[in-house]
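In what follows, every chain begins at residue 1, and chains take the letters A, B, ... in the order their sequences are listed. Not measured: the values here are computed from a predicted model.
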Amino acid sequence: MNFQFEQAASEFRDHVRQRIAEILPQDIKDRNCRILGMSCNGEDQRRWLAAMDAEGWSVPAWPVQYGGTGWTAMQRFIFEDEMYAADAPEFNWIGSHMVGPVLYTFGSEAQRERFLPPIRDGRELWAQGFSEPGAGSDLASLRTHARLEGDTYVVNGSKIWTSGGHEADWLFCLVKTDTTGKAQQSVSCLLIDLRSPGITIRPIRQINNEAHVCEVFLDNVVVPVENLVGQEGAGWTYAKFLLEHERTTSSFIFWIKRELARTRELGRTFLRNGRPAIENSYWAGRVAFIAAQVEAHEWSVLRVLSEEANDYPLSACASVLKLVGSDLQQQITNIQVDLLGDHALRDYGEDQHPPSTDPIWPDIVQGRTSRALMACATTIYGGSQQIQKNLIAKFALGL
Amino acid sequence: MNFHLTEMQQMIVDSARRFVAAETGIDQWRDRRQSENGVDQKLWQAMTELGWLGLAVPDDAGGLGGSMEDVALLMMELGKGLVTEPLVSTGILAAHILDKTLEGETRSTWLGRVATGEARIALAYEDPTAVGLALLTAQALPDGYVLNGPKIMVHDAPSADYVIILAQLDGAPALFIADARAVGISANCYPLIDGSRAADLRFSNVALPMDALLATGQKAQDILEESLDRARLAIVSQAVGAMDATVGITTDYSKERQQFGQPISKFQAIQHLATDMFTAAYQARSALYAGLCAVQAPPEQRRRATSVAKLIAGLSSQTVSRNGIQIHGGYGITDEYAVSHYYRRLLVLEKQYGGNDEHVGLLAQAEMQS
């Protein structure tokens with residue numbers, strides 16, 4: 001075992017940090033610093049992806065032949081760390097981490113040529129059509145179905161919790177193509193143009209005033225048969241592939257580190273009883289407790305990233321990352337709310353306010369409560385706490 | 001210990017339940033975001049007709065002379081309906097300050113106007129902690145006082161007719177009452193996450209007559225603290241009601257929602273989340289009762305019991321509201337389902353009049369000095 005980071009790693013970190021600072025437009029950074037929800041707006045995301053693509057850095061994890069950087073897992077880790085630290089917009093995760101890998105692994109050459117370049121350069125944003133009103137944790141019970149008619153599929157049903165559905169161009173959709181067999185053999189993956197006739201997108205108002213997640217209604221939507229990914233009935237295999245392919249994203253470790261830094265900034269600058277809050281040992285203690293957990297969590301991510309050989313399947317370790325990470329996201333956003341005291345109660349609405357000139361309400365206040373409210377979802381999406389615990393019990397402990 | 005309701009208490013509870021059933025609910029909670037100042041005048045009128053504004057006003061001044069237990073019973077029911085009309089700020093907090101600082105006809109007149117709902121009164125007592133902002137000071141003049149400075153986070157100020165102000169007068173605390181629209185008062189109004197309203201006030205050479213002064217020095221301090229403690233118990237009562245309602249709607253949801261071929265209420269993990277909610281709500285009510293018991297006790301004891309009630313209710317609110325959303329799954333974070341509204345209201349109630357950190361800090365100080 002060797003736990004020392006090489007000199008090359010810190011040189012790489014300096015290099016990407018500097019380059020990101022040079023490329024990241026100030027207006028995008030300013031907006032993203034003060035974001036009210038969990039996702040930046042689609043326009044900023046596209047501009048940033050285009051800029052990253054010009055650098056060759058927009059899909060680092062992809063094979064080089066499709067535009068990847070050829071970096072090691074450690075280098076990709078460092079790069080993402082620096083992206084979050086710089087308040088750069090997140091990549092369109094559905095495109096870069098789901099659709100891309102599924103297409104370059106299972107898709108046709110035509111699909112790769114058609115869909116991979118616009119993911120890389122941000123021309124097309126993707127949304128995910130998995131969950132349904134009746135299929136949350138029990139995704140296998142999904143009912144949106146696609147009927148083959150000649151050279152098209154006709155799709156009927158509805159999807160829910162589709163983040164960014166109203167800003168996306170394409171939907172990565174799980175549908176039933178066979179109603180006779182077992183759930184796991186009757187689901188297919190379709191690529192659906194969100195501009196297709198028959199699609200209605202309804203943004204859903206959230207606890208934090210945002211309306212970012214959407215319901216997507218599909219009413220006799222016609223999808224060319226060329227938009228089926230791989231084999232009919234193999235959709236479940238592709239979904240499982242994604243879980244194995246991408247184990248550490250659900251750790252949200254970079255988001256967490258950035259928010260921990262923001263928490264410390266808040267503790268230093270926000271006054272309680274006339275003094276910076278962090279000078280009160282109550283706050284210092286709570287922050288210290290969280291910081292220690294974050295450091296342990298980072299090492300858990302590195303272990304999974306390095307595919308540390310141990311007695312437990314990596315999938316169980318990935319569940320640990322999701323379980324711990326989602327809880328830390330809530331701990332950190334909640335301590336920010338608590339630090340603010342009753343200042344946390346103000347409702348800023350759904351739009352970003354211009355930079356504050358009121359010393360009673362410094363800029364750092366806006367967004368803290370809104371993000372904490374939306375962070376209630378971290379323990380629900382992507383496999384709830386309860387599901388993750390079941391998975392660990394089963395796959396790590398054989399219970 | 002006697003947990004039976006008196007006849008009047010039963011009437012209060014029944015009328016509050018009818019009110020909540022008829023007048024509150026998710027549409028009303030969402031509509032109030034659009035209201036101009038956070039108060040539905042129709043509801044306010046109904047509340048005054050039901051005598052609720054005068055519940056805590058002594059009967060020698062036109063009120064019902066109710067006890068804090070009576071208030072708690074009312075507030076628990078209203079908490080279930082997420083009522084945010086400014087009953088506490090006017091009918092509990094301001095009413096008690098005026099009751100204890102005024103005498104004779106002045107006292108009767110003011111309290112009478114509170115009881116009839118004619119006058120809404122907010123309390124401006126919080127100072128900004130931003131560097132460089134001077135505190136609110138009052139200067140004595142031959143014929144009155146002049147006030148200069150800020151007061152922030154004044155709950156219910158946007159709908160208030162009057163404001164009771166904590167100011168520094170010759171280096172000591174003093175309580176004043178002023179017309180909310182007096183010349184020189186400017187307000188930055190904003191909504192809170194539960195649809196209620198607050199404002200930061202700025203006083204610029206606000207001239208007040210002699211009789212605007214309610215109390216000074218230690219007397220002002222003691223009365224303010226005693227009144228705030230009553231307000232704290234009133235909002236803890238609302239929180240207890242809101243927690244009970246959250247437990248109810250969450251268990252109902254879990255019985256309806258099916259996944260994996262059965263209601264999710266069948267899963268032990270869900271059951272345990274729900275029982276944690278039940279237990280937390282139970283403890284919060286216990287702490288409230290302990291606080292109510294100490295209302296008439298010597299100040300130190302009353303202070304402590306109130307902080308315990310506020311802290312336990314605050315911690316329980318977190319368990320109840322968070323588990324409530326968790327059990328609801330994705331629907332828990334929508335505006336469409338009630339549980340997220342309970343979450344936001346419980347967060348406001350936890351932080352109002354001192355959040356968990358402040359109250360545990362006060363209790364910690366007592367530990368360190370013991």
In terms of heavy-atom contacts, B:Ala130 and A:Pro359 come closest through CB-O, 3.3 Å
Considering only heavy atoms, which portion of B:Asn188 lies under 4.5 Å from any heavy atom of chain A: side chain, backbone, both, or neither? side chain
Residues A:Gly136 and B:Arg257: closest non-hydrogen pair is N-NH2, 3.8 Å
Taking every heavy atom of A:Asp138 against every heavy atom of B:Phe260, the minimum-distance pair comes out as OD2-N, 2.8 Å
CG of B:Asp357 to CZ of A:Arg286, rounded to nearest 0.5 Å, is 7.5 Å
Using 0.5 Å steps for rounding, measure from the NZ atom of B:Lys151 to the CD1 atom of A:Ile360. 11.5 Å
Counting only non-hydrogen atoms closer than 4.5 Å, does A:Gln385 touch chain B with its backbone (N, CA, C, O), its side chain (CB onward), both, or neither? both
Chain A interface, residue from B:Ala269, B:Gly354, B:Gly329, B:Gly261 that has the most non-hydrogen pairs under 4.5 Å: B:Gly329
Report which part of A:Thr369 has an atom under 4.5 Å of a heavy atom belonging to chain B: side chain, backbone, both, or neither. side chain
Region of B:Val339 in contact with chain A, defined by heavy-atom distances below 4.5 Å: neither
Toward chain B, the part of A:Asn390 with a non-hydrogen atom under 4.5 Å: neither
Under a 4.0 Å threshold between the charged nitrogen and the carboxylate oxygen, would B:Glu336 count as salt-bridged to A:Arg202? yes
Straight-line distance of B:Ile333 CD1 to A:Asn208 CG, nearest 0.5 Å: 8.0 Å
Check each atom of A:Leu339 against the heavy atoms of chain B and say whether the ones under 4.5 Å are side chain, backbone, both or neither. neither
Please test A:Asn273 against B:Glu358 for side-chain contact (heavy atoms from CB on, under 4.5 Å), starting from the C-alpha separation and ending with a verdict. CA-CA 10 Å; A:Asn273 295 320; B:Glu358 284 183 46; over 6 Å; no
Among A:Gly341, A:Ser137, A:Ser141, the residue with the most heavy-atom pairs under 4.5 Å to chain B is A:Ser137
With rounding to the nearest 0.5 angstrom, report the OG1 to NE2 distance, B:Thr129 to A:His343. 6.0 Å
Interchain contact, A:Pro133 with chain B, by part (heavy-atom threshold 4.5 Å): both
Nearest-0.5 Å distance that lies between atom NZ in B:Lys351 and atom CG in A:Leu345: 7.5 Å
Leading residue by heavy atom contact count with chain B [cutoff under 4.5 Å; candidates A:Gln206, A:Arg346, A:Lys389, A:Gln386]: A:Arg346
Looking at B:Asn356, B:Leu347, B:Asp200, which one has more heavy-atom pairs under 4.5 Å with chain A than the rest? B:Asp200
If I take atom OG1 from residue A:Thr379 and atom CZ from residue B:Arg322, how far apart are they, to the nearest 0.5 angstrom? 10.0 Å
Honestly, the part of B:Ile152 sitting under 4.5 Å from a heavy atom of chain A is side chain
Region of A:Ala211 in contact with chain B, defined by heavy-atom distances below 4.5 Å: neither
For chain A, which candidate among B:Tyr343, B:Tyr353, B:Tyr337 shows the most heavy-atom pairs at distances under 4.5 Å? B:Tyr343
Tell me if the OH atom of A:Tyr282 is crowded by more than 12 foreign heavy atoms within 6.0 Å. yes
Using a strict threshold of under 4.0 Å (side-chain N to carboxylate O), is an ion pair present between B:Arg344 and A:Asp347? no
Would you mind checking which part of B:Leu273 comes under 4.5 Å of any heavy atom in chain A, side chain (CB onward), backbone (N, CA, C, O), both or neither? side chain
In terms of heavy-atom pairs under 4.5 Å with chain B, which of A:Asn209, A:Ile380, A:Val337, A:Asn280 leads? A:Ile380
At a heavy-atom distance under 4.5 Å, which candidate from A:Leu373, A:Asn334, A:Val213 has the highest pair count against chain B? A:Asn334
Apply side-chain contact (heavy atoms from CB on, under 4.5 Å) to the pair A:Ile160 and B:Tyr331, showing each step before the final yes or no. CA-CA 10 Å; A:Ile160 199 169; B:Tyr331 292 101; 3.8 Å; yes
Taking C-beta and beyond as the side chain, do A:Asp342 and B:Gln352 meet within less than 4.5 Å on heavy atoms? no
Chain A contact via B:Pro191 - side chain, backbone, both or neither, heavy atoms under 4.5 Å: both
